[in-house]
Amino acid sequence: MSRKVISLLAGVMLLLAIAAISVGQETKTTKVVQNPDGTFTVIEYPVGKEVQVTLTPVGITADGVATILRDDAGTRIKLNLNKLPAEVTTVNLYAVDHTGAITSLGPVTVANGAATFTGTTPLSRFMLIASPEANLTTYDPNTKVIFRSSVPQGFAVVPRSVDVQGERVAATTTPAPATPAAVAATSYTVPMLGVSNFKRGEDTEMKIKFSGPLTGARANAFIKPRDDGPTEVRVRFHELKEVPTGKVLVVWAAGADNKFVKLGQVVNAPGRNEAEVKSETTLTDFGLLITMEDAAGEGANPLGPNIGVIEVISNQ
């Protein structure tokens, strides 16, 4: 066999080996966390990074995209719409924040099925909707819209904030009237963790940063989705500072529907700096919230200040 033929065969074998290795490699993609029906798509835009958002048409056939850049001066929005029906001559652009409040960004004139718009907003967390209605004041899944922003790859929906003031289990005591400070403390924004992306049967570790009177304390959370359904949650507290008299630390799981599940609580005593809450939940996805509550309270929902912020440090 000639050297030329041998060289050619060697080259073919090398190419086949490279192809086999490529096929065997796992392709990893970042999953998007979004409400199942896609009607609430608020995300938080990072500072200094241009984000391109696809606008999903609702009830029409058309194309839309928004380019959004947030900086110290605010958030700039560049809108491009194409292939709109001939009868559409004007749409109204709105930003919907994480509480559901609507901010009008302005009317957008459509010509020959196309439109452009440039505007700004001070908001950092919002979704975009375009509607034929000029005076929208509220947003819900039944609001008439023709475009709604989608969730870009790698971003997670910021769930609606919820005011749970006064919601308690049927109790033997009547709650006292809420003070202005108490009302302010009962609105929570709890990002979902994207538990469906975690490996089943393995711990995903997170660290918790404390604020307020617990600043400087440390805690780690371990999330383990089990093969038989429920998800185990362990929160281990370290270097605890003394909790004020009559107060306890309560760990909650917050569902995407803004419902809270109490996972456990810690009663800290003088000289004690280690504690653990171990529980489980059947929620398919949830966020974690740590609040400081009255020790005598047995509320089904958090009422005290949010003192714990969750940060993923390892997602295996």
Side-chain angles (χ1 to χ4, degrees), residues 28 30-31 33 44 46 154-159 161-162 185 188-245 247-256 258-295 297 299-316:
K28 295 184 178 180
T30 303
K31 295 185 178 180
V33 181
E44 181 168 9
F155 285 80
V157 168
V158 177
S161 291
V162 59
Y188 306 98
T189 297
V190 188
M192 298 296 99
L193 298 176
V195 176
S196 61
N197 298 329
F198 297 173
K199 280 191 176 182
R200 304 199 74 81
E202 295 186 15
D203 280 330
T204 292
E205 183 181 357
M206 305 174 183
K207 64 181 179 181
I208 301 169
K209 293 182 178 179
F210 288 100
S211 59
L214 269 294
T215 299
R218 294 189 303 109
N220 295 81
F222 301 87
I223 312 297
K224 181 192 290 185
R226 296 208 317 248
D227 291 331
D228 58 354
T231 298
E232 293 182 4
V233 180
R234 289 184 296 121
V235 178
R236 189 175 298 160
F237 295 86
H238 311 280
E239 299 178 11
L240 270 177
K241 294 188 176 182
E242 187 173 344
V243 176
T245 302
K247 301 290 184 178
V248 296
L249 304 181
V250 182
V251 181
W252 309 85
N258 294 324
K259 301 296 184 182
F260 291 93
V261 177
K262 186 176 181 179
L263 298 178
Q265 67 183 41
V266 170
V267 180
N268 198 31
R272 181 186 185 189
N273 63 4
E274 298 279 341
E276 184 176 85
V277 168
K278 186 173 182 180
S279 186
E280 63 181 36
T281 177
T282 57
L283 293 172
T284 56
D285 193 17
F286 54 89
L288 285 178
L289 171 71
I290 300 177
T291 62
M292 184 177 292
E293 305 286 345
D294 291 334
N301 290 291
L303 295 173
N306 174 1
I307 60 169
V309 177
I310 307 302
E311 177 184 344
V312 179
I313 60 173
S314 160
N315 191 347
Q316 301 178 349

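Please read these numbers as outputs of a predicted model, since none were measured by experiment.
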Is [Y] close to [X] at the side-chain level, that is, under 4.5 Å between some pair of heavy atoms?
X	Y	answer
Leu283	Val195	no
Lys207	Arg218	no
Thr231	Phe198	no
Val261	Phe286	no
Val235	Leu263	no

Nearest 0.5 Å, please: how far is [atom2] in [Y] from [atom1] in [X]?
X	Y	atom1	atom2	value
Glu274	Phe237	CD	CZ	11.0 Å
Trp252	Lys259	CH2	NZ	13.5 Å
Leu249	Gln265	CG	CD	9.0 Å
Met292	Ile307	CE	CD1	4.0 Å
Leu289	Lys262	CG	NZ	12.5 Å
Arg234	Asp203	CZ	CG	5.0 Å

Where [X] and [Y] come nearest, the two heavy atoms and their spacing:
X	Y	result
Ile223	Leu288	CD1-CD1, 3.8 Å
Glu232	Arg226	OE2-CD, 3.2 Å
Glu293	Leu303	OE2-N, 3.0 Å
Thr291	Pro302	CG2-CB, 3.9 Å
Asn220	Ile208	C-CD1, 4.5 Å
Glu202	Pro225	O-CD, 4.0 Å

